[in-house]
Amino acid sequence: MDDDFRKRRGLRGFSINRLIPNVITLAALCSGLTAIRFALQGQFRLAVIAIIVAAIFDALDGRVARRLGVTSQFGAELDSLSDFLCFGVTPALVLYLASLKDGGALGWVVTLMFPICSALRLARFNTALLSDTPPPPWTSSYFTGVPAPAGALLALIPLVLSFEAEAAWPRHPVVVGAVLVLAGGLMVSRIPTFSFKKGRIPRHLVLPSLLVAALIMGVIASSPWIGVSLLGLIYLALVPYSWLTYRRQAARDHQAPTSEVVPLRTVPNGH
């Protein structure tokens, strides 16, 4: 009798809400694996779409976990592994099959570099969680380097442009390889980049921001590949601005010397 009661109590005590964020992470993982399948079949448009879907799921899982109050170490580790495959391994393989395979051994070396940068970034992120000295709260508005999903988007820009352009140069191994190296370098860099999860927009910039967002959505609706490329270029243009704003904030921070950069706060699920 007591055993049956404990079993029924255990079943009632486990909420299905705890599974929802992990299911979303697994959906992102499946999207990343499906992108590899599409690339092996030569369907590169579908491969890019699958990576974008994975990025959308990746943006949702952490938010859902925090909203439901079910964040866990297991979910964080699963999210890191999913990010490595979806935004480290998958974009590199897609670009290799689409272009870099024509670059011979050097093309493969460049291909290997990108997932290595992704792994190094995730390792740095996970070790930063163990830091005993938390940085100032304002640093939560910044990432250290470009997040993995944004890095994957930047790396895919030449391939995405080739879907619209009639010229062959966007898919040339030199162009693709140079952009892939740049994106990988930005991921492992120490450059502060905006975290749009916790960043705030000044009141006087709300309306212009909405207008820009509407413009981008209109471009994506009419010319999806041009819109995605434009979105990546806008993000890249914001990187220097984010570095300048971070330096200004660090200079105003009375807890640290103005000549030193305060270590960035680690933001969960923002690899």
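What you see below is based on every heavy atom in this structure, not just the backbone, and it leaves out hydrogens, waters and symmetry mates.
Hydrophobic clustering of Ile, Leu, Val, Met, Phe, Trp and Tyr side chains at less than 4.5 Å, counting indirect connections, unites Phe84 with Met113. In this structure, Val175 is not a member of the same hydrophobic cluster as Leu186, with clusters built from ILVMFWY side-chain heavy atoms closer than 4.5 Å. Connection of Val146 to Leu244 is established within a shared hydrophobic cluster, with ILVMFWY side chains joined at heavy-atom distances below 4.5 Å, either directly or through further cluster members. The cluster map of Ile, Leu, Val, Met, Phe, Trp and Tyr, joined by side-chain heavy atoms under 4.5 Å apart, puts Leu40 and Leu93 in the same cluster. Linking ILVMFWY side-chain heavy atoms closer than 4.5 Å, directly or via other members, places Val109 and Val174 in two distinct hydrophobic clusters.
Side-chain contact check for Val48 versus Val160: some heavy-atom pair is nearer than 4.5 Å. Side chains of Leu81 and Leu85 form no contact here, defined as non-hydrogen atoms less than 4.5 Å apart. Side-chain atoms of Tyr235 and Leu153, non-hydrogen and from C-beta on, never get closer than 4.5 Å to each other. Inter-residue side-chain proximity for Leu161 and Trp225 is flagged as unmet; no heavy-atom pair is nearer than 4.5 Å. Using a 4.5 Å heavy-atom threshold, the side chains of Asp61 and Val23 count as separate. Using a 4.5 Å heavy-atom cutoff, the side chains of Phe74 and Asn22 are in contact. Looking at heavy atoms from C-beta onward, Leu100 lies in side-chain contact with Leu180 at the 4.5 angstrom threshold. Within the 4.5 Å cutoff, the side chain of Leu78 has heavy atoms near those of the Leu26 side chain.
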Check: After noting the C-alpha distance and the side-chain angles of Val94 and Ile36, does the key distance pass the side-chain contact (heavy atoms from CB on, under 4.5 Å) rule?
Finding: CA-CA 7 Å; Val94 170; Ile36 296 177; 5.6 Å; no
Item checked: CA sep, side-chain torsions, deciding dist, call: Phe114, Val89, side-chain contact (heavy atoms from CB on, under 4.5 Å) -> CA-CA 8 Å; Phe114 191 77; Val89 176; over 6 Å; no
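Judged by distance alone, with hydrogens and angles left aside, the side-chain atoms of Ser72 form a donor-acceptor pair with the main-chain N or O of Gly75 at under 3.5 Å. With hydrogens and angles ignored, the 3.5 Å screen pairs a side-chain donor or acceptor of Ser80 with a backbone N or O of Ala76. Formation of a donor-acceptor pair under 3.5 Å by the Ser162 side chain with backbone atoms of Arg171 is not found in this model. In this structure, the side chain of Ser99 does not engage the main chain of Leu95 through any donor-acceptor pair within 3.5 Å. At least one donor-acceptor pair closer than 3.5 Å links the side chain of Arg63 to the backbone N or O of Ala59. Between the side chain of Thr90 and the backbone N or O of Phe87, no donor-acceptor pair lies under 3.5 Å.
The shortest non-hydrogen separation linking Thr193 to Gly145 is OG1-O, 2.6 Å. Of all the heavy atoms in Ala55 and Pro149, the pair that sits closest is CB-CB, 4.5 Å. Scanning both residues, Ala54 and Gly32, for their nearest heavy atoms gives CB-N, 4.2 Å. Across all their heavy atoms, Pro91 and Ala152 have their closest contact at CG-CB, 3.6 Å. Heavy atoms only, all atoms of each residue included: Pro170 and Val176 are closest at O-CG2, 3.5 Å. The two residues Ala39 and Phe44 have their closest heavy-atom pair at O-CE2, 3.8 Å.
Separation of atoms OG1 (Thr34) and CZ (Arg37) is listed at 7.5 Å; rounding is to 0.5 Å. Note that CZ of Phe57 and OG of Ser82 are 10.5 Å apart. Values are rounded to the nearest 0.5 Å. The CD1 atom of Ile24 sits 14.0 Å away from the CG atom of Leu29 when rounded to the nearest 0.5 Å. Note that SG of Cys117 and CG of Leu122 are 11.5 Å apart. Values are rounded to the nearest 0.5 Å. Taken to the nearest 0.5 Å, the CZ atom of Arg124 stands 10.0 Å off from the CE atom of Met187. Between atom OH of residue Tyr96 and atom CH2 of residue Trp108 there is a gap of 6.0 Å, rounded to the nearest 0.5 Å.
With sequence neighbours excluded, no residue forms a ring-ring contact (aromatic ring centres under 6.0 Å, His included) with Trp169.
In this structure, Tyr241 has its ring center under 6.0 Å from that of Phe194.
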